[in-house]
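This report concerns only the one structure given below.
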2 protein chains.
Amino acid sequence: MAESSRITARDGMRADARRNRERVLVAARAVFAEHGIDAPMATVARRAGVGVATLYRHFPTRDALVRGAFAQQMETCARALTEALAAPDPWQGFQQLVETVCALQREERGFPAAFVAAFPESTSEHAQSRQRAERDFTTLVRRAQASGALRADFHPSDLAVVLLAHCGLVTALPDDGAASRRLVAYLLQSFRTDPANKALPPPTALTLRSLPTATDSPQGQRPPRA
Amino acid sequence: MAESSRITARDGMRADARRNRERVLVAARAVFAEHGIDAPMATVARRAGVGVATLYRHFPTRDALVRGAFAQQMETCARALTEALAAPDPWQGFQQLVETVCALQREERGFPAAFVAAFPESTSEHAQSRQRAERDFTTLVRRAQASGALRADFHPSDLAVVLLAHCGLVTALPDDGAASRRLVAYLLQSFRTDPANKALPPPTALTLRSLPTATDSPQGQRPPRA
DNA sequence: GTCCAAGCGGACGATTGCGTCCACTTAAGA
DNA sequence: TCTTAAGTGGACGCAATCGTCCGCTTGGAC
């Protein structure tokens with residue numbers, strides 16, 4: 001049989017293979033952040049210091065690479081949900097969850113794009129954990145509503161609305177955390193039953209016009225002026 | 001000089017040229033709606049029933065084509081602002097404005113993408129009308145705040161936040177007007193000083209999971225599964 | 001009807017990205 | 001140390017898109 005007779009590592013990978021895989025992931029995150037998830041595979045390979053073949057062996061499709069690159073972030077999201085459920089005050093948990101996920105989207109460049117790309121996903125493997133996440137979130141919503149803090153007509157699917165909208169925002173204005181914080185604050189506030197009208201974070205410092213100033217924005221190709 | 005001695009039409013274009021230009025614009029809207037604004041120029045030309053050269057003559061860059069294709073929508077936006085300023089109740093005007101623009105983004109496929117693509121824009125030609133639009137909107141905001149209906153800490157730049165977020169949402173969920181309406185309602189509500197807590201439009205009928213169901217979503221290339 | 005410049009279409013070379021194939025290198029068990 | 005299969009790298013063939021060039025067609029003035 002010699003199934004894995006000569007292999008030492010527990011994951012059945014040779015040491016160099018594991019090392020290269022890791023290097024590819026690091027490079028992928030960097031390149032995706034810089035040029036968007038549509039960046040050429042060869043660029044990722046070069047950045048990682050490996051050949052294209054190596055990259056393709058570890059990640060046969062761009063999709064697999066994207067998923068691999070942001071698996072950690074996805075896990076952080078999952079953890080945030082668990083923590084939210086465990087929080088003593090369900091509204092607190094809810095709020096924390098939304099803020100954590102949005103912060104993640106805001107900070108890890110390229111992650112938002114990966115996030116929406118992964119959205120229509122129901123891959124066999126993910127379907128299960130996804131279903132669980134949904135169930136947990138619904139529970140959280142019910143509890144928060146029962147506590148009276150979350151408006152009764154909030155629907156779990158509204159989370160998707162929030163996250164996708166937020167993705168769009170941070171993708172369009174990559175360098176600006178202020179806008180993201182502002183949006184999240186507005187939304188959380190209208191989710192809250194009691195309109196305590198807490199102070200919002202400061203508005204975007206820029207005027208409406210002078211926004212990204214065409215600084216060769218990554219992702220989302222920007223054709224040259226006429 | 002014979003500057004335009006033999007030309008009849010007032011815009012200095014031959015009849016067939018003008019006809020073709022119009023056909024290209026119609027085709028561009030259709031194709032952009034179907035395949036996103038990154039669709040090949042040749043596709044637009046074929047759809048219009050003209051050669052690529054003709055397309056390139058009328059619109060030297062993809063950017064010019066996009067701008068041409070959605071100029072009408074942009075004008076509708078501008079008109080909405082004018083109407084909003086003219087409305088007797090400034091809050092009513094404000095609300096109407098946001099809803100009109102968002103409805104436009106929701107209905108005219110491809111327009112959202114064009115919208116965010118055009119955003120960092122300050123082209124000589126547009127700078128002027130843009131500046132005026134900004135000034136007008138700021139006036140509208142001030143009036144609405146003075147009337148007590150719009151929260152005092154709303155900042156004109158928040159409009160950009162709303163529109164970009166909304167663009168992101170409708171781009172990610174192209175066929176679903178419900179999500180868009182829901183987002184707009186949430187946001188407008190948190191802009192309003194008096195939290196009348198009006199009923200929201202019904203939530204997305206879908207569960208969190210079964211959203212676009214990978215139906216070969218247009219724009220935003222979707223690499224094949226592993 | 002005649003003429004000619006504006007307008008037209010499609011072929012074409014260039015560029016870019018994809019994914020595979022194959023000969024070479026190396027980790028690691030014996 | 002020796003062996004060998006796992007791992008590696010980059011050249012290569014293929015496909016898509018871009019934007020231009022050039023010879024043909026046609027609107028419209030006279």
Side-chain angles (χ1 to χ4, degrees), chain A residues 1-25 27-28 31-32 34-66 68 219 221-226, chain B residues 1-25 27-28 31-32 34-66 68 219 221-226:
Chain A
M1 283 284 93
E3 278 279 301
S4 57
S5 59
R6 33 191 341 138
I7 297 297
T8 267
R10 62 228 162 287
D11 59 359
M13 254 176 155
R14 243 167 61 170
D16 55 344
R18 195 163 44 252
R19 200 183 324 123
N20 274 337
R21 196 191 134 94
E22 212 44 52
R23 290 216 280 166
V24 165
L25 285 178
V31 170
F32 288 160
E34 219 167 300
H35 307 293
I37 46 175
D38 292 337
M41 302 290 264
T43 305
V44 175
R46 199 162 350 104
R47 176 81 153 240
V50 306
V52 260
T54 303
L55 192 162
Y56 277 109
R57 179 152 344 90
H58 289 300
F59 306 97
T61 66
R62 148 174 274 110
D63 208 52
L65 179 58
V66 169
Q219 62 227 51
Q221 50 75 269
R222 166 127 300 290
R225 308 281 49 263
Chain B
M1 279 288 92
E3 278 279 299
S4 57
S5 60
R6 31 190 344 136
I7 298 297
T8 270
R10 63 230 163 285
D11 59 359
M13 254 176 154
R14 239 166 66 171
D16 55 344
R18 194 164 45 251
R19 200 184 324 122
N20 275 337
R21 195 191 135 94
E22 213 44 53
R23 289 217 279 166
V24 165
L25 285 178
V31 169
F32 288 159
E34 219 168 299
H35 307 293
I37 45 175
D38 292 339
M41 300 290 263
T43 305
V44 176
R46 198 160 353 101
R47 176 81 153 239
V50 305
V52 261
T54 302
L55 192 162
Y56 277 110
R57 179 152 346 90
H58 289 300
F59 306 98
T61 66
R62 150 175 270 108
D63 208 52
L65 179 58
V66 170
Q219 61 226 54
Q221 52 73 270
R222 165 128 301 291
R225 311 277 53 261

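FYI, side chains are in, hydrogens and waters are out, and symmetry mates aren't considered; it's all heavy atoms of this structure. Given the structure is predicted, the values throughout are model-derived calculations rather than measurements. By convention in this document, chain letters (A, B, ...) are assigned in the order of the sequence lines, proteins followed by strands, and residues within each chain are numbered from 1.
Backbone-only engagement by B/V50 is indicated by non-hydrogen atom pairs under 4.0 Å involving sugar-phosphate atoms exclusively. Among the atoms of the strands shown, base atoms are found under 4.0 Å from some heavy atom of A/A53.
If you measure from atom CD of A/E22 to atom C1' of D/dT8, you get 18 Å, rounded to the nearest angstrom. In this entry the distance linking OH of A/Y56 with P of D/dT8 reads 16 Å, nearest Å. The CZ-C1' distance, from B/R46 to C/dC8, rounds to 18 Å in whole Å. Taking atom CG of B/D16 as the reference point, atom P of D/dC24 lies 19 Å away to the nearest angstrom. Whole-Å rounding puts the B/H35 NE2 to D/dT17 P distance at 10 Å. Between B/R57 atom CZ and D/dC21 atom P the separation is 13 Å, expressed in whole Å. Protein atom CZ of B/R14 is 7 Å distant from nucleotide atom P of C/dC8, rounded to whole Å. Atom CZ in B/R21 sits roughly 20 Å away from atom P in D/dG27 (whole-Å rounding).
Between atom CZ of residue B/R23 and atom NE2 of residue B/H58 there is a gap of 10.5 Å, rounded to the nearest 0.5 Å. Here B/L55 contributes atom CG and B/M41 contributes atom CE; the two are 5.0 Å apart, rounded to the nearest 0.5 Å.
Without hydrogens or angle criteria, B/R47 side chain to B/A27 main chain gives no donor-acceptor distance under 3.5 Å.
Distances shown here put every side-chain N or O of A/N20 at or beyond 4.0 Å from the OP1 or OP2 atom of D/dG7. An OP1 or OP2 oxygen of D/dG7 is reached within less than 4.0 angstrom by no side-chain nitrogen or oxygen of A/T54. OP1 or OP2 of C/dC8 sits under 4.0 Å from a side-chain N or O of B/H58. Under 4.0 angstrom from either OP1 or OP2 of D/dC18 there lies at least one side-chain N or O belonging to B/R62.
Where B/R19 and B/P40 meet DNA chain D, the nucleotide closest to each residue was compared, and B/P40 sits on the side nearer the 5' end.
Of all the heavy atoms in B/F32 and B/I37, the pair that sits closest is CD2-CA, 3.6 Å.
Checking C/dA27, D/dT20, D/dG7 against the side-chain heavy atoms of B/V52 singles out D/dT20 as nearest.
Tested against B/D16, the residues B/R19, B/R14, B/R18 include a single side-chain hydrogen bond (donor to acceptor under 3.5 Å, both in side chains) partner, B/R14.
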